[in-house]
Amino acid sequence: LGTINTTISSLCKRSLFDSAFKFTLLMVSKNLRPNDGLLMSLVTGLCRNKKHSEALQLYNILLDKGLTVNNAISSALVVGFCEAGMVQKAKLIVQRMLDGGVKIDAFIYNALIYGCCKQEKLEVGCKIKEEMAGKGVHPDIVTFNLLMLGFSNNGRMDEALMLWNECQRNGLVPDAYSFSIIIGGFCNIEKIKEAMYFFDMMIQQNNHLNPVVYNILIRTHCRNGKVLEAFKLLNDMRSRGVSPTSVTYSSLIHGLGKNGQVDEAENLLDEMRKEGLQPDVVCYTALIDGYCKLGQINEARSLLQEMSALNIQPNTITYTVLIFGYCKLGNIEETRRLYEEMLSKGIAPDSWTYNILTHGFLKEGKLEEVFNLWDHMSERGVALD
RNA sequence: GCGGUUACGAGUUAGAG
């Protein structure tokens, strides 16, 4: 049995979920049961790779065999379906668990609420919260956080705050997530005063301080062109012993780039390295965008080379940014070249890429090329939106 | 006992016509 576990584990680690799946089925058919942790990562892995039906199949077989399936495995399945937007199917799975007399715990309810909130079905999410309470499963802080996030993302801060109050009436204590959700919600609608009210509350409690809240505030200032304010917060976080992350830096780089301060932005890459942080693809893409917006396309292009020298893989957005840079300069040659290059690297263009390419070609009167492009696009299963 | 659920960063679309 140890060998089985090791084999499956190794297959999962190498992301060979198909093989792990087949191997597990084979084992289960011989009534050998891999351990819980492995089954969970297998279910999670299958779902992340869009193999939901395999995950479900495995789950069903375990049940049919009368093998124990703990809530962690079930919740991995429910989460997998919810993350892919298949909340209805997730609900069916849960319903079957209920029918089978299985106790649904808060993790699973929360996973369902997560799915509902992702689809902006906030009222349904709230109903599930009531339902769980009715079944004697107390909504926990995660339940409240999920719903607060749902409302915050829709600018419905009144409702988010009602939940903030409600959870405390229920004896729950807002945690670091709660704070950043509320602060982020106010930032989204530019209610900075309100955001700062909650931020000060965190500071006063001298608790829950973490890079995420700072990142939210820094990004908000950067988005509003208030880079100086953003840097003040960077100092503030450091002085309180909170280390910046690559998210912090990418926000700052983006903010500086938007202001045309690309040199300062580029210096931040070195500053990161001095702090032991590796600049990632987002930091580079933000900087490349900054150069492109200034028309300094060669600088942008050499950053792409720098990335490959450092083994930082460019992605769809990186290429789209560069292509847009060339399009704006009317450089059709390089636009084509980059498009070919991204295809040859297996980086998939998306609807934004095609949108930009279309405009670029049209601007230069390359009507036929647009038609070719559109054929290519539909072959690849991308639709303009 | 251990494990499963929640927060933050980059790309097209300002205005006029």
Side-chain angles (χ1 to χ4, degrees), chain A residues 35-41 43-44 47 69-80 82-83 90 104-115 117-118 125 139-150 152-153 174-185 187-188 208 210-220 222-223 230 244-255 257-258 265 279-290 292-293 314-325 327-328 349-360 384-385:
Chain A
N35 71 35
D36 288 342
L38 284 179
L39 287 174
M40 241 187 44
S41 46
V43 167
T44 305
C47 289
V69 178
N70 69 19
N71 268 340
I73 297 171
S74 305
S75 91
L77 191 67
V78 173
V79 170
C82 286
E83 277 184 340
I104 309 293
D105 64 15
F107 281 93
I108 294 178
Y109 280 114
N110 288 343
L112 284 178
I113 293 175
Y114 168 80
C117 289
K118 264 189 66 157
D140 60 13
I141 193 64
V142 175
T143 315
F144 281 94
N145 286 344
L146 285 162
L147 291 167
M148 286 192 282
L149 178 67
S152 290
N153 282 342
D175 64 5
Y177 285 79
S178 322
F179 274 101
S180 45
I181 288 164
I182 294 295
I183 290 170
C187 285
N188 284 339
H208 311 311
N210 66 81
V212 174
V213 245
Y214 278 100
N215 290 345
I216 291 169
L217 293 168
I218 286 174
R219 173 178 186 246
T220 303
C222 286
R223 192 177 55 205
T245 65
S246 56
V247 175
T248 319
Y249 279 100
S250 68
S251 302
L252 291 166
I253 290 170
H254 184 222
K258 264 184 43 165
D280 62 13
V281 57
V282 179
C283 294
Y284 269 95
T285 303
L287 183 56
I288 288 174
D289 186 45
C292 286
K293 295 251 146 76
N315 61 23
T316 305
I317 301 183
T318 316
Y319 271 94
T320 304
V321 166
L322 272 164
I323 287 174
F324 185 55
C327 283
K328 274 196 307 199
D350 64 10
S351 61
W352 291 39
T353 321
Y354 282 113
N355 227 317
I356 287 166
L357 283 167
T358 300
H359 282 102
L384 288 186
D385 45 24

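To find a chain, count down the sequence lines: A is the first, B the second, and so on, and within it residues start at 1.
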Close side-chain approach of Asn110(A) and Asn145(A), heavy atoms under 4.5 Å: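 No. Closest side-chain heavy atoms not under 4.5 Å.
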Is a donor from one side chain sitting under 3.5 angstrom from an acceptor on the other, for Asp140(A) and Thr143(A)?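 Short answer, yes.
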Nearest-neighbour nucleotide for the [X] side chain, [options] considered:
{"X": "Ser75(A)", "options": "U5(B), U13(B), G4(B)", "answer": "G4(B)"}
{"X": "Ile317(A)", "options": "C8(B), G11(B), G4(B)", "answer": "G11(B)"}
{"X": "Asp280(A)", "options": "G3(B), G9(B), A7(B)", "answer": "G9(B)"}
{"X": "Thr320(A)", "options": "G11(B), U6(B), G9(B)", "answer": "G11(B)"}
{"X": "Trp352(A)", "options": "G9(B), G11(B), A10(B)", "answer": "G11(B)"}
{"X": "Val321(A)", "options": "G3(B), G11(B), G9(B)", "answer": "G11(B)"}
{"X": "Tyr177(A)", "options": "U6(B), A10(B), G4(B)", "answer": "U6(B)"}
{"X": "Asn145(A)", "options": "U6(B), G4(B), U12(B)", "answer": "U6(B)"}
{"X": "Val247(A)", "options": "G4(B), A7(B), G9(B)", "answer": "G9(B)"}
{"X": "Asn110(A)", "options": "A7(B), G9(B), U5(B)", "answer": "U5(B)"}

Any side-chain N or O of [X] under 4.0 Å from OP1/OP2 of [N]?
{"X": "Arg219(A)", "N": "C8(B)", "answer": "no"}
{"X": "His254(A)", "N": "G11(B)", "answer": "yes"}
{"X": "Lys293(A)", "N": "U12(B)", "answer": "yes"}

Ranges pairing with ranges for RNA chain B, where each run has three or more Watson-Crick or G-U pairs under 3.5 Å: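 Consecutive-pair runs (3 or more) involving RNA chain B: none.
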